[in-house]
Amino acid sequence: MYALVDGNNFYVSCERVFRPSLNGRPVIVLSNNDGCAIARSNEAKALGVKMGAPWFQIRELANTKGLVALSANFALYGDLSDRMMAIAASYAPRQEIYSIDESFLLFEGMPGAELVSIGRALRDQVLCWVGIPTCVGFAPTKTLAKLANHVAKNAERKPGSYPAEYAQVFNLGACSATEVAAVLMATEVGEVWGVGPRTSARLKAYGIHTAQDLTRVDSKMLRREFSVVLEKTALELQGVSCARLEDVPTDKKQIACTRSFGRPVLELAGLAEAVSSFAMRAAEKLRSQNSAAGTLQVFIHTSPFRTDDPQYSRSVTVPLSRPTSDTNILVSAALAGLRQIYRTGFKFAKAGVMLMDLVPETVQQAELDLICEFDGLQQPPEKRLLMKAIDGLNRRYGRGAVGVASAGTNAGSAPRGWTMLQERRTPAYTTCWEDIAIARA
DNA sequence: TCTGGGGTCCTAGGACCC
DNA sequence: TCTGGGGTCCTAGGACCC
């Protein structure tokens, strides 16, 4: 049996841990640049705020309905996520951390009747120790566990949509065939994990409207007309497990750092600073998984929303002579790529750097050894040590303590135009000494 | 004025190569 | 009249997830 443990309205719940005055109020968390809503409290959902709604279109609600909007505070969310995941992990032999607010647990040889009480204990402990409310769904496949979790949430949030005893912790695996069918019939096909809006619209054209309908379709037809992925989803809904628990974290196949700018950037100089800093950050992530990149890609584009402005979007792939994780080499390559694709006369809104063709550092080292042996060269270890030292300093003194000069600096000058806006960010309560909350007795 | 970031997998056309 | 087949790389885009 699988369990899916999921934090309710996760980012909003994290903010409420340190600001209990936000309880019961409509609250949203905004994306970078305070662009759009990426998390909503139940009260905000009730006001009709949609996922991804642009802030400038809904900001009146702050005046008329008391909507509170906060800038994203990922340092806080990441830390509370770690605490929540650690507690969840202690309840089952195996755990897959699926996203910042979700993990799958795998229970083997556990009587079904006990699972709900285990789920309740887990929920209570996370709420008590971390302050985050969660829901838990149990079922024999991952897709059904996602569905059970969805039911547990809706039964709590929309009374009447499902039986009240399904709320918060729900075991679909302990239900009768009739009860399972009733749940599948009450679930729109677009709410199934893996069925997005496009596929959902196409399925409806075939007369497939609910999760129950999807389990009744011939599996070969799904593969032929849609995809293998959808075929597996349908099988999982029937209780046939097709997706395994992936509890061994695998290395990323690509690493990206991309940002929208706080305001439009026209000049090459501004883009060069941004692209340098993105390459620097991507290189850091690369080293933290002990990989080296064989290829780097840079892109820049204008805002697709400013339809009156001339549009420009280009990317370029820069091959590296051999895989590397050296910041200086990666920044140089990114800047060379940028110079290739940059054109004057456009208001650039976003840029990014992606690292691809990643190989383990050991492979890179073996290759380097071979080349040095062949060329009769001594290989200089200084570069690797330099990168280690820089990573160490940035870990200790904060990101950006040491960096490449081409990424620019905020010291003593006006904020750089390309950096993002975050006007409503709460303190990093749990990860920064200066921000620690003070309790007065 | 103002619309996120980071992933995965898949597909397709054009350039280029043998 | 009449001009192949198979492969890779690059760029771009679509679909899905959180």
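To find a chain, count down the sequence lines: A is the first, B the second, and so on, and within it residues start at 1.
- When the P atom is used for both dC18(C) and dT3(B), the distance is 25 Å, rounded to whole Å.
- Side-chain contact annotation: T215(A) with Q238(A), donor-acceptor N/O pair under 3.5 Å absent.
- Here E225(A) does not pair with R202(A) in a salt bridge; the nearest charged N to carboxylate O distance is not below 4.0 Å.
- Here dG7(B) presents its P atom at 13 Å from CE of M356(A), a figure rounded to the nearest Å.
- Which of dC16(C), dG5(B), dC18(C) sits closest to the side chain of W193(A) comes down to dC18(C).
- Taking every side-chain heavy atom of T258(A) into account, dG5(B) is the closest of dC18(C), dG4(B), dG5(B).
- We find that E43(A) and R16(A) are joined by a salt bridge, their nearest charged nitrogen and carboxylate oxygen being less than 4.0 Å apart.
- Residue R306(A) places none of its side-chain N or O atoms closer than 4.0 Å to OP1 or OP2 of dT3(B).
- Residue L230(A) contributes atom CG, which lies 11 Å from atom C1' of dC16(C) at whole-angstrom precision.
- Proximity of K253(A) to the phosphate of dC9(B): a side-chain N or O atom is located under 4.0 Å from OP1 or OP2.
- With the nearest nucleotide of DNA chain B identified for both G262(A) and K350(A), G262(A) has the one nearer the 5' end.
- Listed nucleotides: dT3(B), dC17(C), dA12(C). Nearest to the side chain of Q57(A): dT3(B).
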* Asked: Given the rule in the side chain to side chain contact (heavy atoms under 4.5 Å, CB included) test, do Q297(A) and Q254(A) qualify, once you have shown the distances and angles that lead to the verdict?
  -> CA-CA 10 Å; Q297(A) 197 175 65; Q254(A) 59 177 52; over 6 Å; no
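- When distances run from any side-chain atom of K146(A) to the nucleotides dT11(C), dG6(B), dC18(C), the shortest one goes to dC18(C).
- Stem regions for DNA chain B, each three or more consecutive Watson-Crick or G-U pairs with both distances under 3.5 Å and listed by first number, read B:5-18 with C:5-18.
- For dA12(C), the OP1/OP2 oxygens have a side-chain nitrogen or oxygen of S315(A) closer than 4.0 Å.
- Between E96(A) and R244(A) no salt bridge is recorded (no basic side-chain N to carboxylate O distance below 4.0 Å).
- In this model, a donor atom of one side chain and an acceptor atom of the other lie less than 3.5 Å apart for N73(A) and T426(A).
- For T199(A), the listed nucleotide lying nearest its side chain is dA15(C); candidates were dT11(C), dC2(B), dA15(C).
- Remark: C1' of dC10(B) and NZ of K232(A) are 14 Å apart, rounded to the nearest angstrom.
- Rounded to an integer number of Å, the gap from K252(A) NZ to dC9(B) P is 11 Å.
- Side chain of N32(A), nearest nucleotide from dC18(C), dC16(C), dG4(B): dG4(B).
- As a whole-Å value, the separation of L30(A) CG from dC2(B) P is 16 Å.
- Within the nucleic acid shown, D34(A) has no heavy atom closer than 4.0 Å to any nucleic acid atom.
- Closest to the C36(A) side chain, of the nucleotides dG4(B), dT11(C), dT8(B), is dG4(B).
- Spacing between atom CD1 of I341(A) and atom P of dA12(C) amounts to 9 Å, rounded to whole angstrom units.
- Residue S227(A) places none of its side-chain N or O atoms closer than 4.0 Å to OP1 or OP2 of dA15(C).
- Nearest to the side chain of P54(A), among dT3(B), dG7(B), dC10(C), sits dT3(B).
- If you take CZ of R281(A) and P of dG5(B), they are 14 Å apart, rounded to a whole angstrom.
- Taking a cutoff of 4.0 Å between a charged side-chain nitrogen and a carboxylate oxygen, R83(A) and D79(A) qualify as a salt bridge.
- Along DNA chain B, the nucleotide nearest to I255(A) and the one nearest to R59(A) differ in position, and the one closer to the 5' end is contacted by R59(A).
- Following rounding to the nearest Å, F74(A) (CZ) and dC18(C) (C1') show an atom-to-atom distance of 11 Å.
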* Asked: Would S71(A) and D34(A) count as a side chain to side chain donor-acceptor pair (under 3.5 Å) if you check the C-alpha gap in whole Å, the side-chain angles of each, and the deciding distance to 0.1 Å?
  -> CA-CA 6 Å; S71(A) 302; D34(A) 296 341; 2.6 Å; yes
